[in-house]
Visitor: 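Sending over a structure as structure tokens; questions will come in a sec.
We name chains A, B, ... by the order of the sequence lines, and we start the count at 1 in each one. Only this structure's heavy atoms are used, side chains among them; waters, hydrogens and symmetry mates stay out.
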Amino acid sequence: MIRVAWLVAMKDLRIEMRSRVLLWQVVPFAVLSLVLAGLALGPEKAGSSSSAPGLFYLVVLFVALAVVQRSRGLESTPGTRASVATLGLDPAGVFLGKSLALTLELWVLGVTLLGGSVLFLHIALVGALKALPNVAVTLGVMATAGTLYGALTTGGDGPVTLLPLLTLPAFVPLLVAGERSLSAALYGGPLWEWWVIVVVALVAYAAVGIAVYGVLEES
Amino acid sequence: MSSPAVALDDAVVTRGGFPLLAGVSLRIDRGTLVALRGANGAGKTSVLRLISGLERLRSGAGEVLGIDLLKGDRRELRRRVGWMGHDGSFYEDLTVRENLEFAARALRRPLSDIDSALDTVGLAHRYSTPARQLSAGQRRRMALGWIIVRRPELWLLDEPHAALDQSARDLVDELILDALGVGVTVVISAHDDLGPRLAPQKVVTLSGGRIAGSP
């Protein structure tokens with residue numbers, strides 16, 4: 001399982017580095033969304049508003065959906081699916097590999113967006129650094145959940161628009177926990193309970209994904 | 001006497017309630033060449049997909065390479081077949097070599113086989129070209145390279161001569177003859193005659209998801 005996970009993760013990351021979709025399409029989209037969020041708040045409110053953590057995670061949500069869709073798209077052409085299916089890869093390994101690659105991609109986006117939030121939403125740099133570990137784990141959960149729901153929507157030739165519809169409700173608790181933990185890091189308050197939520201979610205999605213990914217792929 | 005490579009008995013395959021195969025019975029001996037003929041939509045590709053473990057057997061019985069299609073491990077079966085579909089799709093942003101390397105690593109095949117496979121299919125000079133930049137014929141060659149690296153026991157080729165020039169057709173025929181020479185079983189779907197070099201032991205004609213004739 002670990003061998004397959006590593007193989008799939010390296011393959012997805014190599015494709016990403018070659019195509020540069022993340023660099024030239026998703027990152028500009030993310031930064032633009034953040035700038036627009038800052039403009040929507042108004043320049044005089046952006047610096048003092050407690051809405052910054054929520055806006056940060058809203059933008060994270062949009063870009064996460066785009067990246068999940070992209071990750072799924074790599075496998076979804078009928079020819080590729082047939083060719084790769086005949087390799088008989090361990091589905092749990094495929095799930096973990098795709099989740100790992102997606103997590104690393106989301107980390108790049110997360111760091112970029114935190115930097116952007118310091119610039120455009122004027123959040124404190126120290127607070128952003130303090131929130132970084134929690135943001136990293138939250139993005140890991142999003143990647144894991146996204147990989148799982150991605151298999152659910154495209155495994156059976158489902159329409160691509162189904163992915164956001166199914167994934168958004170799953171992301172809501174993460175969004176709330178992430179926003180609260182970022183607020184706590186920026187403006188003070190207890191962090192640990194939000195840690196519990198994201199870690200439990202990570203373990204739960206990973207366990208479910210390992211158990212059912214193969215079934216979803218076959219359906 | 002060894003068990004057949006493929007044994008289907010009244011095999012039914014459906015997709016979305018629509019029968020792709022409506023009771024196909026077929027026996028293919030090991031080390032033989034079999035051609036599946038028929039018009040578009042006759043069920044040729046569905047038979048290949050069922051044999052490869054890509055489609056689920058809805059009813060009837062089937063065994064491929066000793067693996068039961070209903071109760072057996074279809075993932076294990078897939079590892080042992082070589083599939084070449086219509087479009088020869090791969091990871092478009094990976095190079096020819098990287099695609100073959102992925103297959104070799106996935107199946108724990110020696111990476112040293114890749115260069116000779118690329119030589120064999122005439123793609124050695126395009127090893128660093130991303131798959132998306134290949135022509136239709138080159139994609140077919142890459143699909144063949146993928147099969148060579150994998151060393152499967154059963155080759156399933158869906159219209160392997162489509163979109164190929166004469167030299168590429170000759171290459172396909174040569175590789176099939178080489179495979180047959182070492183005991184591999186080859187099943188080919190084709191609209192037309194397979195040409196003068198390939199003489200199938202069995203020609204199966206399909207129509208409407210059933211076998212219409214097998215001389």
Visitor: Are there over 12 heavy-atom neighbours, none belonging to B:Arg58, within less than 6.0 Å of that residue's CZ?
Guide: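 Counting neighbours around CZ of B:Arg58, 12 or fewer heavy atoms of other residues, nucleotides or ligands fall under 6.0 Å, so no.
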Visitor: If you define the side chain from C-beta out and look only at heavy atoms, does anything of A:Pro91 sit under 4.5 Å from B:Arg75?
Guide: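 Yes, close enough: below the 4.5 Å cut-off.
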Visitor: Nearest 0.5 Å please: distance from the CE atom of A:Met17 over to the CG atom of B:Asp93.
Guide: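 Result: 13.0 Å between the selected atoms.
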Visitor: Please check this pair: side chain of A:Arg14 against backbone of B:Glu98, looking for a donor-acceptor N/O pair closer than 3.5 Å.
Guide: no
Visitor: For atom CZ of A:Arg20, is the number of surrounding heavy atoms from other residues, nucleotides or ligands below 6.0 Å larger than 12?
Guide: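 12 or below, so no.
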Visitor: Just verifying a value: how many Å separate A:Leu87 CG and B:Arg150 CZ, rounded to the nearest 0.5 Å?
Guide: 5.0 Å
Visitor: Less than 4.5 Å to any heavy atom of chain A: does that hold for the side chain of B:Arg132, its backbone, both, or neither?
Guide: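 For B:Arg132, there is no contact with chain A at all, as no heavy atom is under 4.5 Å.
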Visitor: Counting only non-hydrogen atoms closer than 4.5 Å, does B:Arg74 touch chain A with its backbone (N, CA, C, O), its side chain (CB onward), both, or neither?
Guide: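 The answer is the side chain of B:Arg74.
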Visitor: Tell me if a side-chain donor or acceptor on B:Arg105 pairs with a main-chain N or O of A:Val4 at a distance below 3.5 Å.
Guide: no
Visitor: Calculate, to the nearest 0.5 Å, the distance between atoms OG1 and CH2 belonging to A:Thr86 and B:Trp146 respectively.
Guide: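 These two atoms lie 6.5 Å from each other.
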Visitor: Contact part of B:Leu107 toward chain A, heavy-atom cut-off under 4.5 Å: side chain, backbone, both or neither?
Guide: side chain
Visitor: Could you tell me whether A:Trp6 atom CH2 has more than 12 heavy atoms of other residues or ligands within 6.0 Å of it?
Guide: no
Visitor: Please report the shortest heavy-atom distance between B:Arg78 and A:Ala85, naming the atom on each side.
Guide: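 It is CD-O, 3.1 Å.
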Visitor: Which pair of non-hydrogen atoms, one from B:Thr95 and one from A:Arg18, has the smallest distance, and what is that distance?
Guide: CG2-NH1, 3.5 Å
